[in-house]
Each structure stands twice: as structure tokens, then as C-alpha cells.
K.L.:
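I'd like to ask you about the structure that follows.
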Amino acid sequence: MYEILLSQKLVPHVHMFKVAAPDVAKKAQPGQFVVIRIDEKGERIPLTIADWDREKGNVTIVFMEVGTTTHRLALLGAGDFIANFIGPLGLPTHIERFGTVVCVAGGFAIATIVPIARAMRREGNKVISIMGARSKDLIFWEDELHSVSDQLIVTTDDGSYGRKGLVTEPLKELLEAGEKVDRVIAIGPSIMMKYCAKTTEPFGVKTIVSLNPIMVDGTGMCGCCRVSVGGVTKFACVDGPDFDGHQVDWDLLFARQRIYLNEEKSSFEIWQSQGHTHS
Amino acid sequence: MAKLDLNRVPMPRQDPKLRVKNFNEVALGYSLEQAQKEASRCIQCPKRSCIEGCPVEIDIPDFIKAIGEGNMPEAVRILKDKNSLPGICGRVCPQETQCEVKCALDKKGAPIAIGRLERFVADWEQANMKSASPPIIKPAPTGKRVAIIGSGPAGLTAAADLAKLGHSVTIFEALHVTGGVLMYGIPEFRLPKEIVQSEVDYVISLGVKLELDSVVGKVVTVDELLNNGYQAVFLGTGAGLPMFLNIPGENLNGIYSANEFLTRVNLMKAYLFPEYDTPVKVGKRVAVIGGGNVAMDSARCALRLGADVVTIVYRRSEAEMPARREEVENAKEEGIKFKLLTNPKQFLGNEQNWVVGMECFEMELGEPDESGRRRPIVKPGSEFIIDVDVVIVALGTTPNPLIATTTEGLETAKRGIVVADEVTGKTVKPRVWAGGDIVTGAATVISAMGAGRRATASIDEYLKG
């Protein structure tokens, strides 16, 4: 059992937990994830590691309420326990002194990009970060990302904060303005990662994306998370989750993410009918 | 000499019509009377060849004799002296190719049903002895620490044996439960999870410590264990990586590895969805590709989950099928169809990326290949299409590369197997032993247990040296 030490609602439907998991904290690296299971009847789902404190032995996760499991998770708070918290899984993001790195985060993936930006900067890169959300009320950790970036651009879809538009627009402008970009890291909803990759492709800038297919064990055992990269089947849990965005078969990823759409819907309806509501 | 009784006492089983609608155990087990009748057939021959056939060398004639005499506590003692997991072995060991094939009565076509008797003794203990069993006598601690990686049959056997010798043993398990393939792979109707957990509890009662959720290679490495207080490490991580066909369309929705399908059903209890959160797709027309026990297990699970038609698609003929005869018969009885001498060429999908069909070749058998079985050859121009909603690929598994790639100085061979001495389980890396599927590739529960047993002897010798 893993205790939730701190729970905080960051913005509507997005939550942060600090979880006591000293062994995971000891080994966590940027870009890795954990697999959690709430209780005996729960499913195993992957959640990206947002931060860790090796000395205090805790790991920070940030998640959005999407299906039954994340909604149930959102009802837990400090002092509650999660049955299983397994990690750190997956390969860490490749950190190297590339020169100039653009870190793009969409939605709640802002939490994932912070440790990557921090590590990239520590390695001596110039870090330009772009974070985007639908609207102002969904923006969080702006200061955190700012503090690990040389430059930060914020966008909102509705223009309620920062510049109006999608993250791909400032990304494209940077590249067109002749900014020498050596690497792009794009993390967020799959569709956003796809379009970031499409944006950078004509400029030939290597773009790393963090894929989030459905997983079960997260250790390479089941193959549920298979993705196609450069025409080769890979298991995102052990070969990734980071891949070259220009090589990813996005349509396959989208399709495989929808395998259990009906079951997810019915499971959530049953859960709601039992008197549960959004947090 | 008394006249030989060649009538094996049949095992009562659930009616096929009923059992395809539930996940309860198919084989129901002997009554005391049936067990004693079967035990009385044993002629207690002086050669005791059955023991040679047992990878963990159970004193088979002795426990059978104890059953015959009605001395069940003695039968339990004899059995558990050599086998810490008798309820499991009694159910899933291929006795017909091990102990029973060596039985003097096998020549007459009616070997003693050793597996059924083993299961009877284990179940009898479960029902009658748990509270009354004498306290386990703890051996004098040696002060030596051993890390066991993986809690499947190899790891559990090694852990129990080493603990009985007084060593301090910790098992590291990647999943959230103990038992490995016994929990995620073999279905409830063939091996109830309650039996597995009660035998795991026995191993734990010997003083073995357990670290669940511990993915060795990620959260801690083998080298870190060796440098942090463990004198020896035993790798029993099995063969967890599923093989695919590598043909077009294999990533379509609805195509599972058997590992994923069985993990969802057995470990995550998808058959109880939505009470349990993990879903599984079943479909009306299911094809299972492969001819081993895992293929039979997958097919029989799919049927129980409500599929209309479940077809085993296998590229050779029935004679070459690696599955246990008994499991093939069970599958047939339940209505599983067999499409033999058939091999998929490609999978066909619809616009939503769901599998809808499987184009197959007809095959014929040629000369024997390196496995000794006749090689399947494609009949040119024989392509035909099978309509399917779900496909389960049960072609076998190879070791997960996680340990080998994160441990300095291990030697690996074809398909990622770890090289270890066949007798001692010693790897080329000092203080590291390995056994079970990680060394042999996918094999049986009992062969993994045998490897755990042999490695224990070698580890013990090293620790005492």
C-alpha cells in the first residue's frame, strides 16, 4: 500500500498527488511512468511521473479525470492509500546537450514536461518552452515551467490567457524565424503531439513524443501497448514511451486508444449511477 | 501376486454443457474412497521408476502407500517434503509424460493416476489440516541472504527450499500478486487462484519475505542486490515476452497476445467486468493461433466469456500439437473447433481498424524439422478467409530482456534466454543462478520447479562454502 501524502486539485478535473514510494523515488528519471492500481478490483493504468524527492521518498503524479479509474482516484486524498504503485517504468527521456531544445506541453502534460525541461537545461541546453491549454482556468505550473526555461510561451485556445491559438503556431514561428532548434520534445494529447510532429517535419528537427497507449502490466509482458514506429512494432512500455514523432503511425495509435471506448463508457455510467459525481 | 487392476479410477468432472458457462474448476477431484481405490492399484514395485520421472523427485510410491493405509497426514508429509506446491502440480503437471509414463502399469495402458492422487492429498490437507498442522520447525538461521527474482514456480520452489535450509530469502515480484504464470496465465477453471495463494502462503510461512510491485531492472538491479547484502541471486523471471506472427495487420484492434488476453481475464478478472474495472473484448467469432496449452486455455476462456464460435488455428496436425492430450480433449468436449494445417497469411481490418478477417494458407506436412516434428509447408494458391472479431496469438513466449539488459556480465543466447548450467543453474556471472523458462524458454511448471530445486542445492553449497 502506498500512502497519498498530499493531494491538490490543480485546475478543474486535474489533480496532483504526492505518494510515498521511496524505492520509485530513488530511481525515477524524466519521462518515466508508474503503473497504479487503486484497489483489489481496480485496473492497472499508467501515469507519468511529474516529479520526485529522493530524500523524502515521494513521487508526484498529475492526472486528469477521464474514465472510471481516474475519477475514482480523484476522490482520494491525503492519508488515503493506493494498492499498487509500480515503477519507474519505461525508458527515461534522452537528455543530452543538444543546443536549443523546445519543450512543448499540451493540457495537463505540463506536469510531465517540467522535469524534462529542467534536466535539459541542467545539461546546458537553451530551453524554450511552449505550454498550451483550452482556456485560462486550465493553466497551472506556469511559474514552475518558467523557472526551468530560458523562454516561455503560453497559449490558450480561446485567447483567455497568453496568446490565442494552438501550441503548433508559436512552434512553427520559431522554426520559420530561423531559430536554430536542435530538438523538440512534445508531450500532451495524442492529436497535439501528432500536429507538433507534422509542424517540425518540414524543418527536419527531430521531435520526440511520449506515447500513451493503453497498457496492462507496463513491463513488456502483454503487448497491449504496441505502436508502430518507422514501420516496426514497438511496445511503448519498454521500448518507449518516447519515440521519434516523425516515425509514429498516429492513426494506429488513435485507433488502438479507442479499443475499449464502449466498455469505458458503460463502466463510467455504472459508477456514476452508484451516486458518484465529478470532483 | 494379486491380479493387476487396470481400471484407472476416472476423475469426476463438471459437465461440459455447464462448465462452458462458468469459470469453476473443471476437474472436481477424487473422494477419499476414489483415491484409496486408485492408490490400491499401485503394486509398490521395487524399481520405483516413477520417482525418476519426477523433476522434484517426490517419493511417489510412499505417499500412495500412505493414502492406501488411510494415513493422510503421513501422505501430506511425504509429498511436501519434496514439493512445496502439490496442489498446483497435481493440477497442471504433465504427469503422462513424466512420472506416469514410467509407471510399471503404463505398459498395460493403465498407469497409476499419480497426478490425481497428488492433487487429492494437497486438497485433503487444505480441507483438514490447516488448523491442526504442527508448527513449522524453523531451521537455525545461516545469516545468508538470497534474492529470488520472480515468484512463479521456479522462484517459489527455490525460495521454499532455501528457507528450509535456514537462509534468509526475499522474493522480488514485478506484478501486484505472487505466483507469476500460475496467476496471470493459467485460468481459474484449470488452477483455482485460491489454491495458488494457499500454497504461496505456505512458502511465506517458511519465513520467506516478499516484495511485490518490484520490477527488478527498474526499481533495483541485480548488481545492486549483490552489492547490498544479498550473497546470491536466483533469476526465475520466466518467459514473459509474447511472440507475434509478424504478418500484415497484426496490430489491428481485437488482436491479442495470449499473454494479454489471459492477463486481463485471469489476473485482472475481466470475466467479472464491470464489477472489476478491467475490460476484455470477446467477440462472437474468436480464432486462437497456436497448438499449445496456452492456446487451449485462451480458447476455453473465450468460450466461457460468451463467444459463439472459438476456433484453434494450428499449422501442423493434431499429432504435433504441443498441448496436453487432456487439455485438447477438454477443449473438444466444450465445443472448441480445430482448424488444423492452417496458417495465417495476414489479418484484414475495417475502417475503424478492427480485425474482421484472417486470410490463411492451407498447409501440408513435409520432412521432420529440427524439432523432430514434420515441417508444415504452405500449399501455394490455397488462401482462404476466416471471419473473426477477435484473434488471440498463442505462439509462445521468450524471456523478458529487462534482467539481461540491466545486469552486467550475464550471457544470453537465442531468443534472449539466459545461459545457465543445466544441473546447477549457475550463470557465467558469479553469485547469480537462473532456472525455469528464463533458461529453457517456455516450458512447464514442474520443469521450472525442478530447476529451482537444483539451483537451490548449488546455492546452498556456495553459501556454506
Side-chain angles (χ1 to χ4, degrees), chain A residues 2 21 23-24 26-28 32 34-45 67-69 72 83-90 214 216-228 232-233 235 238 249 251-260 262-264 266-271, chain B residues 174-177 180-181 184-185 211-221 224 237-244 246 250-264 267-270 272-281 349 351-354 393 397 399-402 405:
Chain A
Y2 301 81
D23 295 339
V24 182
K26 216 182 283 175
K27 288 294 181 73
Q32 289 187 299
V34 290
V35 162
I36 68 128
R37 192 180 68 132
I38 298 178
D39 57 26
E40 193 48 40
K41 294 183 176 176
E43 61 180 336
R44 291 169 66 106
I45 61 158
T68 308
T69 300
R72 283 178 58 200
N84 306 97
F85 193 86
I86 302 138
L89 300 173
I214 301 169
V216 184
D217 63 290
T219 65
M221 200 180 92
C222 80
C224 175
C225 66
R226 53 199 199 275
V227 293
S228 179
V232 179
T233 296
F235 288 7
V238 288
D249 180 341
D251 290 340
L252 180 72
L253 178 73
F254 299 148
R256 290 190 60 84
Q257 284 172 331
R258 296 167 62 89
I259 293 178
Y260 297 104
N262 292 338
E263 287 79 2
E264 285 161 6
S266 75
S267 161
F268 187 55
E269 279 166 6
I270 290 166
W271 183 78
Chain B
L175 288 174
H176 57 262
V177 295
V181 72
Y184 75 75
E211 295 280 351
L212 295 174
D213 297 343
S214 292
V215 184
V216 172
K218 288 290 182 189
V219 73
V220 66
T221 64
E224 285 167 340
T237 47
L241 203 68
M243 292 202 272
F244 284 95
N246 297 314
E250 201 161 19
N251 292 332
L252 287 167
N253 293 0
I255 302 181
Y256 287 102
S257 72
N259 260 11
E260 180 186 355
F261 185 79
L262 292 174
T263 297
R264 285 182 178 272
L267 181 73
M268 305 309 296
K269 299 202 174 0
L272 298 174
F273 179 86
E275 186 196 345
Y276 280 68
D277 288 340
T278 305
V280 69
K281 285 281 179 190
E351 279 167 15
Q352 287 78 43
N353 197 57
W354 278 94
V393 181
T397 51
N400 190 316
L402 192 52
T405 52

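Per chain, numbering begins at 1; letters A, B, ... match sequence-line order.
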K.L.:
Quick one: pull up CD1 in B:Ile255 and CZ in A:Arg256 and give me the separation to the nearest 0.5 Å.
P.N.:
8.5 Å
K.L.:
Please report the interatomic distance NZ(B:Lys218) to CD1(A:Ile86), rounded to the nearest 0.5 Å.
P.N.:
14.0 Å
K.L.:
So, does B:Asn259 use its side chain to make a donor-acceptor pair with the main chain of A:Met221 at under 3.5 Å?
P.N.:
yes
K.L.:
According to the interplanar angle, ranging from 0 to 90°, do the rings of B:Tyr256 and A:Tyr260 count as parallel (below 30°), tilted (30 to 60°) or perpendicular (above 60°)?
P.N.:
tilted
K.L.:
Using a cut-off of under 4.5 Å for heavy-atom pairs, which of A:Leu252, A:Asp217, A:Ile270 has the most such pairs with chain B?
P.N.:
A:Leu252
K.L.:
List for me each residue that meets salt bridge (Lys or Arg N to Asp or Glu O under 4.0 Å) alongside B:Asp277, sequence neighbours excluded, and say none if there are none.
P.N.:
A:Arg72
K.L.:
Tell me, side chain or backbone of A:Phe254 under 4.5 Å from chain B's heavy atoms, or both, or neither?
P.N.:
neither
K.L.:
If I take atom CD from residue A:Glu43 and atom OH from residue B:Tyr276, how far apart are they, to the nearest 0.5 angstrom?
P.N.:
14.0 Å
K.L.:
Got a salt bridge between A:Lys27 and B:Glu224, using NZ or NE/NH1/NH2 to carboxylate O under 4.0 Å?
P.N.:
yes
K.L.:
Between A:Val238 and chain B, with a heavy-atom cut-off of 4.5 Å, which part of the residue counts as in contact: side chain, backbone, both or neither?
P.N.:
neither
K.L.:
Would you please say whether a donor-acceptor pair under 3.5 Å links the side chains of B:Asp213 and A:Tyr2?
P.N.:
yes
K.L.:
Which atoms of A:Ile36 come close to chain B, meaning under 4.5 Å heavy atom to heavy atom: side chain ones, backbone ones, both, or neither?
P.N.:
neither
K.L.:
Could you state the interatomic distance from CE (B:Met268) to CZ (A:Arg37), rounded to the nearest 0.5 Å?
P.N.:
5.5 Å
K.L.:
Please look at A:Thr69 and chain B and tell me whether the side chain, the backbone, both or neither of the residue comes under 4.5 angstrom of a heavy atom of that chain.
P.N.:
side chain
K.L.:
Tell me, for B:Glu351 versus chain A, whether the close heavy atoms (under 4.5 Å) come from the side chain, the backbone, both or neither.
P.N.:
neither
K.L.:
Taking A:Glu263, A:Arg226, A:Glu264 one by one, which has the highest count of heavy-atom pairs under 4.5 Å against chain B?
P.N.:
A:Arg226
K.L.:
What heavy-atom pair brings A:Cys224 and B:Arg264 nearest, and what distance separates the two atoms?
P.N.:
SG-NH2, 3.4 Å
K.L.:
Is it the side chain or the backbone of B:Leu241 that comes within 4.5 Å of chain A heavy atoms, both, or neither?
P.N.:
both
K.L.:
Between A:Arg44 and B:Leu175, does the side chain to side chain contact (heavy atoms under 4.5 Å, CB included) criterion hold? Intermediate values first, please.
P.N.:
CA-CA 10 Å; A:Arg44 291 169 66 106; B:Leu175 288 174; 3.8 Å; yes
K.L.:
Just so I understand: if I count every heavy-atom pair under 4.5 Å between each of A:Ser228, A:Gly220, A:Gly87, A:Gly218 and chain B, which residue has the most?
P.N.:
A:Gly220
K.L.:
With respect to chain B, which residue among A:Pro88, A:Ser267, A:Ala28 yields the maximal number of heavy-atom pairs within a distance under 4.5 Å?
P.N.:
A:Pro88
K.L.:
Do A:Lys41 side-chain atoms and B:Pro274 backbone N/O form a donor-acceptor pair below 3.5 Å?
P.N.:
no
K.L.:
Quick one: side chain to side chain contact (heavy atoms under 4.5 Å, CB included) partners of A:Ser266, sequence neighbours excluded?
P.N.:
B:Phe273
K.L.:
Examine distances only and state if a side-chain atom of B:Asn251 and a backbone atom of A:Thr233 form a donor-acceptor pair shorter than 3.5 Å.
P.N.:
no
K.L.:
Please flag which part of B:Lys269 lies under 4.5 Å from any non-hydrogen atom of chain A: side chain, backbone, both or neither.
P.N.:
neither
K.L.:
Counting only non-hydrogen atoms closer than 4.5 Å, does B:Val215 touch chain A with its backbone (N, CA, C, O), its side chain (CB onward), both, or neither?
P.N.:
side chain
K.L.:
For B:Leu272, which atoms come within 4.5 Å of any heavy atom of chain A: side chain, backbone, both, or neither?
P.N.:
neither
K.L.:
Quick check: closest heavy atoms across B:Glu260 and A:Gly223, and the distance to 0.1 Å?
P.N.:
OE1-C, 4.2 Å
K.L.:
Which atom names give the shortest non-hydrogen contact between A:Cys222 and B:Ser257, and what distance separates them?
P.N.:
O-OG, 2.6 Å
K.L.:
Counting only N and O atoms by type, is there a donor-acceptor contact under 3.5 Å from the side chain of B:Asn253 to the main-chain atoms of A:Ala255?
P.N.:
yes
